[in-house]
Amino acid sequence: MKIHLILNGTPREMKVAPDRRVVDLLREDLGLTGVKEGCGSGECGTCTILVDGEARLSCLLLAAQLDGCRLTTIEGLAQDGRLHPVQQAFIDQGAVQCGYCTPGMILAAVDLLNRQPHPTREAIRVALSGNLCRCTGYQMIVDAVETAARRMREGEDA
Amino acid sequence: MTERSARPELGPPQSPMLEIGASVPRADAWAKVIGAEHYAIDHYPLGLLWAGARRAGLAHARLRGVAIEAARALPGVVAVLTAADVPGTNRQGIVHKDQPVLVEDHVRHWGDPVALVLAEDRETLRRALALVEPDLEPLPGVFDIAAALRPDAPTLHPGGNVLLEAEISTGDTASAWDVCAAIVEGTFDLPFQDHGFLETQNGVAQVEPDGILTLTVSTQAPFRDRFEIAHALGLDPLRIRVISPYLGGAFGGKDGATVQCLLALAALHVGGRPVKMVWEREECMIAGYKRHAARLCYRLGALTNGTLHALDCQLYFDTGAYAHLGGEVMELGLEHAGGPYRIAHTRMRGWAVYTNNPIGGAMRGFGVCQASFGFERMLDRLAAALGRDRLDLRRQNALRRGDRNAAGVTLVHSTGLAACLETLSRHPLWLERDRWPDQAPPLKRRGVGVAAVFNAMGYGRGLPDAAIAKIALTPDGRFRVDSAVSDMGQGNASAFAQIAGQILCQRADAIELVQPDTARALPSGSSSAGRTTYSYGNALVRACEALRAKLLHRASLLLMVDEPSGLALLPGRVRHLPTGRDLPLARLAAMLPETDRVSIEQFVMPVSQEVPDTGKAFVIGFPHVLFAYAAHLAYVEIDTLTGKLEVCRYLAVTDGGRVLNPRNFDQQIQGAVAQGIGYALCEELRLQEGRILNPDFARYLLPTSLDVPDIASLAVATVEDTGPFGMKGIGEVGINGPLPAIASAVEAALGRCPSQSPLEPRRLVAEVAAPSASDDAPR
C-alpha cells in the first residue's frame, strides 16, 4: 500500500507492505539505524519513536498505521545542527554508557517534557519506566532529563 | 616551516582538554545521542543473507538425524547446514573445547543448535527454521547440582559431570575450630542470572575477494574469536579478521563464541555473499551464557575478640551444558570465598558441574558475586552470635596491605577496604541508621544493611594478562588510538582518549578512537575481568610517552634546535619554549614517514610471586594479586502484607585506585549496583527440566527506573602504583555488594533473611509470617 507521512520533518510518500513492522521499515528500508530493537515485543522501549509527538514503540507498530502521521526518530531530533536540549543534557550529565537504550530513552524524555515541563524526579522515573537501561542504573538519565527540563524552561524565559 | 604564535591556541569551546581526574564527557556520547553510532547490529551489507539456528528444543537427547529437505526446498532458502557440513573440529570453548558449533549426535541443552539455515530474507528464514525437524530421542537429564553429582547420574561429557574440582586451603582447619568462641553455618542457593544486555548477540560475516573471512561482531574478545573460529572450522586464524564496534552491552555475555562460528560457517557456504545473524530476545536468553547458579555451604568461626579464625566452605557452580569459563568462574568464587578478611585457617572447596541447564559463563562478578552472598551472610550471623556491631566486626577483620588473604596470598598492592569501611562509618546514612526503622510506616518494616566485598583484577597466574597499545600521529596532526579491547559500554575507549590527551597534552577533538579491528590493532586480550582499562591503559601510557619523546626529537630536527629539552607538546603543535616558535603537528606529520608516526608498546599485568601450596587444580587463574574493594550500605523497606521490598537509599564506597574520570567512575558503580539490585530482588531464570520458562523481558524482570534508587557513590583516595595513573578496574566489584547488603538489611528488618536468592516477595512474606521474627534484629 501507499502511505504518506512526515518523517523527521520531510514529507514522504512510500510504498510499503502494510504489515511491515515500523522498526524494520525505519532501520532496514530507510537506513535509520538510530532506531534500535531490543526485544521485539514492546517490553524494553529501545525502539521508541515519536508519532505525532508521542512516544510509541516501533516494534509494535505496522507500516499501515503510519499513514498521515508525523514521525520523529533520533536522527530527526537535532534542529539546524543543534542538539535538542535532552540530547545535550545526556552528554553533559553522563547519561550515556553503551548507548543502546539512549535513542529511545531520549525520545521518551522529549515526549515527557513536551507534556510536562516541570517534572519531579519521581515523574521522570515514572515516564521512563518503560525504557530499560542495563548500564546506568538510571540515575544520570534522570539527572539529564532534569537538566534538560531546566534548560528548556530557561530557554523559553530568555 | 614554523610559525610564531601570537596568542594561545584555542580549540573549539566544546572540545575540552583531556585531563586525568576531570569528568570530561565520554568520547562516544555525541554519536550515541544522535543515533549515528553504528553497532554491529546496524550493519546491513548490500546483498546480505540472513542466517538462523534451529535450536534443539529438548534439554538432553540423542540426535538421530535432522530432516532438512522441506526447509531446503522452500524458495528463498540458500542453504541448510548440519554438523556434517562443519569442517574442522566443530568444537568451541575458551578453555575447554567441548561445545559444538552444530550438534552431531548429543543434545545437551535446550538451546543447542542442530542446523543452520541461510535465507534471502528474515520471513523465509523464520519459516524455514520451523520446517527443520530434528529427530530426537529424549535422554534422562540432570537439572541441578545434586543430581549431576549422583554416582548413577546420566553423564553429559566423556569425563563425567564434574568439569573441575579444586581446593584452596591455608593454615590448619582440623584443629582451628576448638578455640572458636562462635561458629556459624549456612547454606545458600543462588539462581542463574541473565546479562540482559539490550543489543542481542549478532554480527555479519563475509569472505572477501582476497579470501579473508571478515566478521563484524558484537564481541568482547575479537582477537580470541579468530582462534575460536579457526579451531572449530579448520581455518587459518590469520586469514580471519574480526571487527568489534561499540557494543550495546555485554557484561560478560559476549565473551566467547556466540554467533561467530555459526556466521563464519555460513559465510563459507555462500560464495562471498555477506551473511547477517541476529539472535532474537528469546534465542538470546535460551542460547546465551548465564551467571552460574550456585549452592554455597559455609561454616565460619571466630575467637572471643571477634577475630575470624576458621572457615570451611564448599561452593558448587552449575555450569550447564558446556564448560565455557565454568572452571575459571569457580576459581574466582573459591579465591574470594573467605571474603575480604584475614582468616588464618581456611579450607575452601569448589566444584563446577555440568547439567542440562543453560550454559553458565562469564558475567560481571564472575563467581565472586555468588560467593559474596555466602561470606557476608556469615559475617552478619557471626556479628549476631558475638553480639557485635556488623560494621565494627568487618572493620576489625578487613584486609590491609601486607596481610595474607584467605587464599594465602600476600597483598602487596593497594588494599583500600579499611578506608572504604571507615568512609562508610562516617557517612550520615550509617550514623543515622537507627532512625530508619523507627520511622517505618504502618505495615512496613525497615532495615539497614552493610556489606564488604572485593573483586580480583586480571586473568591471574598462568595466563599472561597482556595488552599492546598502538597510537599514531595522523597526517592531519591528530592522534589515532587503535583500541584493541572492546568497549561494551563501560567507557574504556573514552579512558584511552583521556590517557592519550593527558600525556600528549591534546584536546578531545585531536584524539581519534578506532574500535578493535584485528587487521589494525594488536592482540590485547578480552574486555573483561576488570582489566580492560588497566592493561590496555598501561600499554597506552607507554606508547604515548614513547611517541611524545619521538615527536619532540623529530621536531627538534625540524626546528634546528640542539636538543628537545626546550620543546613542549601542546594542543595541535610543538612549541620551542625558549624562542616561542611553534611547529604545527600537521606539518611535523607531513615530514615523517608513516612508520615513524606510530608507537606500539606492551604491558603485562604483574602476577603473584608467591606460589601458594594449594589450589593446584587450577592450571590457570590462581592466584590473583590485584583487587578492587568496596563497602556498601542499603536502606530497605518491606511491605509485610505483600513482601515487596523497596531499596530506598544506597551508598557504595569503592577502592578503585585513582579515579581517572569521576563521572565515568560513578557510571560504572551505579550501573553495577543496579544490576546487583536486580540480582538481589527479582532476577532468576526459571527452569523446568532445562527449559527456561521466562525467556523474555515480560517474565524475566530487569530493574526499571522505578526499582533503583539514587545511589551515592564515593571513592577512597588510594593509588595503585602499577595502574595507569594509579587506577584499578572497577567494572565488577560494584555488583558484588547489593545482594549481601540488601540481605543484611532484610535481616535487620525481619530478624531473619531467606538463604535463597533472589529476595522475592513470596520468600519475604514467608519470613514475615515465621515466628520470632524481628526479636533480635541487628542495628
Side-chain angles (χ1 to χ4, degrees), chain A residues 24 27-28 31-46 73-78 83-84 86-106 121-122 124-143, chain B residues 23 25-26 28-39 41-44 122 195-200 246-251 278 280-282 284 487-491 663-664 666-675 677-678 696-698 702-711 713:
Chain A
D24 298 331
R27 286 178 54 82
E28 296 176 18
L32 296 171
T33 53
V35 183
K36 302 298 188 217
E37 181 173 359
C39 71
S41 51
E43 288 140 13
C44 74
T46 309
T73 69
I74 193 68
E75 290 90 346
L77 196 59
L83 294 183
H84 187 282
V86 175
Q87 289 173 308
Q88 187 62 52
F90 266 58
I91 296 176
D92 297 341
Q93 296 297 325
V96 180
Q97 291 193 34
C98 91
Y100 201 78
C101 75
T102 301
M105 199 67 87
I106 286 175
R121 278 183 86 80
E122 189 56 25
I124 295 169
R125 286 185 176 276
V126 170
L128 300 182
S129 62
N131 291 71
L132 294 176
C133 170
R134 194 58 155 168
C135 295
T136 64
Y138 302 102
Q139 186 165 338
M140 294 191 195
I141 292 174
V142 177
D143 293 346
Chain B
S23 287
R26 287 172 61 129
D28 51 351
W30 176 275
K32 288 175 176 176
V33 300
I34 62 172
E37 189 60 60
H38 274 227
Y39 300 74
I41 206 167
D42 298 327
H43 289 257
Y44 293 94
R122 267 194 293 177
H195 304 79
F197 42 76
L198 290 176
E199 182 199 20
T200 57
Y246 282 109
L247 284 77
F251 312 106
V278 179
E280 293 186 357
R281 178 57 56 185
E282 187 165 330
C284 160
D487 190 326
M488 50 183 157
Q490 75 269 49
R663 185 182 288 119
N664 295 2
D666 290 345
Q667 285 185 335
Q668 279 296 291
I669 299 303
Q670 290 169 358
V673 168
Q675 207 167 26
I677 287 174
D696 55 54
F697 290 155
L702 304 182
T704 73
S705 52
L706 293 171
D707 303 314
V708 183
D710 281 345
I711 296 152
S713 163

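Given the structure is predicted, the values throughout are model-derived calculations rather than measurements. Sequence lines set the chain letters: A, B, ... in the order given, protein chains first and strands last, and positions in each chain run from 1.
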>> Looking only at heavy atoms and a cut-off of under 4.5 Å, which of G42(A), C101(A), C39(A) has the most pairs with chain B?
In response: C39(A)
> Between V86(A), I124(A), D24(A), T73(A), which has the largest tally of heavy atom pairs under 4.5 Å with chain B?
Replying inline: D24(A)
>> Please classify the contact of F697(B) with chain A as side chain, backbone, both or neither, using a heavy-atom distance under 4.5 Å.
In response: both
>> Do E199(B) and Y100(A) have side chains that approach each other closer than 4.5 Å (heavy atoms only, starting at C-beta)?
In response: yes
> What part of V35(A) lies closer than 4.5 angstrom to a heavy atom of chain B: side chain, backbone, both or neither?
Replying inline: neither
>> Less than 4.5 Å to any heavy atom of chain B: does that hold for the side chain of L83(A), its backbone, both, or neither?
In response: side chain
> Short question: side chain of Q97(A), backbone of Q667(B) - any donor-acceptor pair under 3.5 Å?
Replying inline: yes
>> To the closest 0.5 Å, what do you measure between CG (L702(B)) and SG (C133(A))?
In response: 10.5 Å
>> Just verifying a value: how many Å separate K32(B) NZ and I91(A) CD1, rounded to the nearest 0.5 Å?
In response: 11.5 Å
>> Rounded to the nearest 0.5 Å, what separates atom CD in E43(A) from atom CG in D696(B)?
In response: 5.0 Å
>> Would you say that D707(B) contacts Y138(A) through its side chain, given a criterion of any heavy-atom pair below 4.5 Å between the two side chains?
In response: no
> Of all of G491(B), G196(B), P25(B), which one pairs up most often with chain A through heavy atoms under 4.5 Å apart?
Replying inline: G196(B)
> SG/C98(A) to CZ/F251(B) distance, rounded to the nearest 0.5 angstrom?
Replying inline: 6.5 Å
>> I'd like to know which of E37(A), R121(A), E75(A) tops the heavy-atom pair count under 4.5 Å against chain B.
In response: R121(A)
> Hey, does K36(A) have a side-chain heavy atom less than 4.5 Å from the side chain of L198(B)?
Replying inline: no
> Do you know which of M105(A), H84(A), Q87(A) makes side chain to side chain contact (heavy atoms under 4.5 Å, CB included) with V33(B)?
Replying inline: Q87(A)
> Can you list the steps and then say if Y44(B) with T33(A) is a side chain to side chain contact (heavy atoms under 4.5 Å, CB included)?
Replying inline: CA-CA 10 Å; Y44(B) 293 94; T33(A) 53; 4.0 Å; yes
>> For the backbone of D92(A) and the side chain of R663(B), can you confirm whether one donor and one acceptor N or O come within less than 3.5 Å of each other?
In response: yes
>> Under 4.5 Å from any heavy atom of chain A, what part of V708(B) do you find: side chain, backbone, both or neither?
In response: both
>> Could you measure the distance from the CG atom of L132(A) to the OG atom of S705(B)? Nearest 0.5 Å is fine.
In response: 9.0 Å
>> Which one wins on heavy-atom pair count under 4.5 Å against chain B: G130(A), S129(A), C44(A), P103(A)?
In response: S129(A)
> I669(B) versus chain A, heavy atoms under 4.5 Å apart: side chain, backbone, both or neither?
Replying inline: neither
> Is there a side chain to side chain contact (heavy atoms under 4.5 Å, CB included) between V126(A) and L706(B) once you walk through the steps?
Replying inline: CA-CA 7 Å; V126(A) 170; L706(B) 293 171; 3.8 Å; yes
> Looking at side-chain heavy atoms only, is the closest gap between E282(B) and S41(A) below 4.5 Å?
Replying inline: no
> Looking only at heavy atoms, which two atoms of R125(A) and D710(B) are closest? And how far apart?
Replying inline: NH2-OD1, 2.7 Å
> Side chain, backbone, both or neither: which part of A698(B) has a heavy atom under 4.5 Å from chain A?
Replying inline: both
> Does any heavy atom of chain B fall under 4.5 Å from the side chain of T102(A), the backbone, both, or neither of them?
Replying inline: side chain
> Using non-hydrogen atoms only, which part of H195(B) is less than 4.5 Å away from chain A: side chain, backbone, both, or neither?
Replying inline: backbone
>> Which one wins on heavy-atom pair count under 4.5 Å against chain A: A672(B), A36(B), G248(B), G249(B)?
In response: G248(B)
> Are any side-chain N or O atoms of R281(B) and backbone N or O atoms of G38(A), one a donor and one an acceptor, separated by less than 3.5 Å?
Replying inline: yes
>> Please check this pair: side chain of Q139(A) against backbone of I711(B), looking for a donor-acceptor N/O pair closer than 3.5 Å.
In response: yes
>> For P709(B), which atoms come within 4.5 Å of any heavy atom of chain A: side chain, backbone, both, or neither?
In response: backbone
> Crowded around E280(B) CD? As in, over 12 foreign heavy atoms under 6.0 Å?
Replying inline: no
> Under a 4.5 Å heavy-atom cut-off, does chain B meet the side chain of I106(A), its backbone, both or neither?
Replying inline: side chain
